[in-house]
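Just so you know, these numbers use all the heavy atoms, side chains as well, and skip hydrogens, waters and symmetry mates. The sequence lines fix the lettering, A, B, ..., with proteins before strands; numbering per chain opens at 1.
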Number of protein chains: 2
Amino acid sequence: MEQTDDRRVRKTRRLLREQLARLMEHKSVREITVTELCRACDINRGTFYRHYADVYDLLHSVEEEIRRGFQQVMDPVFSGGKLGEQVIGPGLQAAFCYLAENADMCRVLLCRGGDMEFVQQVENLMREFVREQYRKVNRREGEMYDYIFTYIAAGCIGVLRQWLEQDMPQPPQQIAALLEQIMREGVLALL
Amino acid sequence: MEQTDDRRVRKTRRLLREQLARLMEHKSVREITVTELCRACDINRGTFYRHYADVYDLLHSVEEEIRRGFQQVMDPVFSGGKLGEQVIGPGLQAAFCYLAENADMCRVLLCRGGDMEFVQQVENLMREFVREQYRKVNRREGEMYDYIFTYIAAGCIGVLRQWLEQDMPQPPQQIAALLEQIMREGVLALL
DNA sequence: ACAGAAATCAACACGGCGTTTATTAACAGA
DNA sequence: TCTGTTAATAAACGCCGTGTTGATTTCTGT
């Protein structure tokens with residue numbers, strides 16, 4: 001979404017995103033109509049169509065923003081960090097702190113009634129993160145390696161989703177630490 | 001869904017499920033209208049409403065059937081199997097074989113454009129399976145244990161989804177074996 | 001202050017929704 | 001094979017959200 005310097009545009013888009021998030025806490029996206037959303041925003045319906053094609057178009061622009069932020073906060077992990085350096089912990093911690101800041105929207109996008117498409121995208125980002133880390137200590141590749149990376153990434157996102165769904169009873173650092181421990185020592189060591 | 005002995009009813013419902021699955025291969029559920037589905041089935045629109053409230057009602061009845069089958073095939077693992085007995089392998093293998101038989105529908109429900117609600121339910125079933133297994137060898141419980149069980153379950157479902165999305169290039173037994181190995185030895189032993 | 005653009009309002013045709021009616025066709029059980 | 005029951009059909013209904021339009025007003029950046 002190309003950004004603008006017109007205050008009215010920023011205001012309208014922010015309003016729409018806020019109210020969409022609010023409505024999504026009580027009902028599924030598919031039940032939210034453009035008319036209803038505009039009433040909630042006290043915005044003319046024609047104004048909505050000036051910015052977005054439909055509710056899903058708006059939703060995807062929100063998703064893209066979250067995803068971009070997630071990617072950005074993980075980026076240092078990819079570019080920086082010498083071979084074997086400890087970046088899993090800080091990387092996960094940064095990611096979970098970022099998600100915690102946007103918890104309302106993330107819960108709605110990743111948990112019950114969320115968007116599979118989006119969950120898959122986040123999971124793919126996480127898998128590339130995992131792949132990058134393991135490449136630093138072992139350059140072997142193979143058909144089955146992809147499944148293992150997927151296993152780890154999906155496990156992390158699964159934990160993330162449970163944590164979000166329970167309204168984050170632990171601080172993000174603790175969850176990040178748990179996942180780092182799992183990645184380093186495996187689940188068996190913890191059970 | 002209460003079953004009937006009237007051939008016409010069985011025929012209609014089967015037709016609707018078939019065509020729904022067919023349509024879902026090309027477009028998202030939210031884009032499928034009752035009108036369109038009925039045209040595809042060559043069925044009167046009023047007939048649809050005699051059986052289901054809307055497209056999602058139909059979808060959920062399909063999901064319930066799949067879930068019931070999945071649960072049923074996993075059930076022996078819960079009830080049977082003495083303490084410490086090797087049931088992880090056979091259990092996973094049975095589950096993956098069952099899912100492979102219903103691959104078309106499962107891919108559409110679990111992968112891109114799928115239903116988060118349904119994925120979550122399957123993941124919960126898998127978590128209870130995992131919890132049951134680990135209880136046999138270790139009865140400790142704790143706040144963080146739930147996260148670990150979730151990690152394992154989500155990892156398994158993640159692998160399942162990747163496998164389905166790639167049109168199952170490996171036999172179900174091989175995937176089940178891989179996951180059993182991960183559960184027993186951890187990912188680190190394999191990397 | 002001014003030109004440009006965004007937001008508003010009202011109205012439009014379109015199409016899917018969910019329901020109803022009368023009618024026809026298929027069914028299960030005797 | 002007959003019979004009462006019930007599912008499926010066809011046609012029509014009002015309703016509502018959609019996406020677009022044109023004219024008008026309000027706000028914005030410079």
Taken to the nearest whole Å, CZ/B:R13 to P/D:dA7 is 9 Å
Parallel, tilted or perpendicular for B:Y151 and A:Y151, by the 30°/60° rule? perpendicular
Just by distance, with hydrogens left out, do B:Q121 and B:E63 show a side-chain donor and acceptor under 3.5 Å apart? no
Take atom OH of B:Y49 and atom P of D:dA11, then tell me their distance rounded to the nearest Å. 18 Å
Out of C:dC17, C:dA6, D:dT20, which nucleotide sits closest to the side chain of A:R45? D:dT20
Counting side-chain heavy atoms from C-beta on, which of D:dG19, D:dA7, C:dG18 comes nearest to B:R50? D:dA7
Which is true for B:D6 with a 4.0 Å heavy-atom rule: it touches a base, it touches only sugar-phosphate, or it touches nothing? sugar-phosphate
With the side chain of B:T33 defined as its heavy atoms from C-beta on, choose the nearest nucleotide among D:dA12, C:dG16, C:dA7. C:dG16
C:dA6 phosphate, OP1 or OP2, under 4.0 Å from A:T47 side-chain N/O: no
How many Å lie between CZ on A:R10 and P on D:dC27, as a whole number? 16 Å
For the pair made of OH in B:Y52 and P in C:dT19, what is the distance, rounded to whole Å? 16 Å
Protein-nucleotide distance (A:H51, atom NE2; C:dA7, atom C1'), rounded to Å: 8 Å
Send over the distance from A:D57 CG to D:dT18 P, rounded to a whole Å. 14 Å
Electrostatic pair A:E65:A:R68 at N-O distance under 4.0 angstrom: no
If you check every side-chain atom of B:R39, which of D:dG19, C:dG18, C:dG16 has the closest atom? C:dG16
If we ignore hydrogens and angles and just use 3.5 Å, is the side chain of B:R127 paired with the main-chain N or O of B:T150 as donor and acceptor? no
Nearest-Å distance, NZ (A:K11) to C1' (D:dC27)? 10 Å
Could you check B:T35 against B:D5 and say which one's nearest nucleotide on DNA chain C is further toward the 5' end? B:T35
Touch check for A:R8, heavy atoms < 4.0 angstrom, all strands: base, sugar-phosphate only, or nothing? base
Give the rounded distance in Å between these two atoms: CD1 of B:I32 and P of C:dC17. 11 Å
Is it true that B:N124 and B:E128 share a donor-acceptor pair across their side chains at a distance under 3.5 Å? no
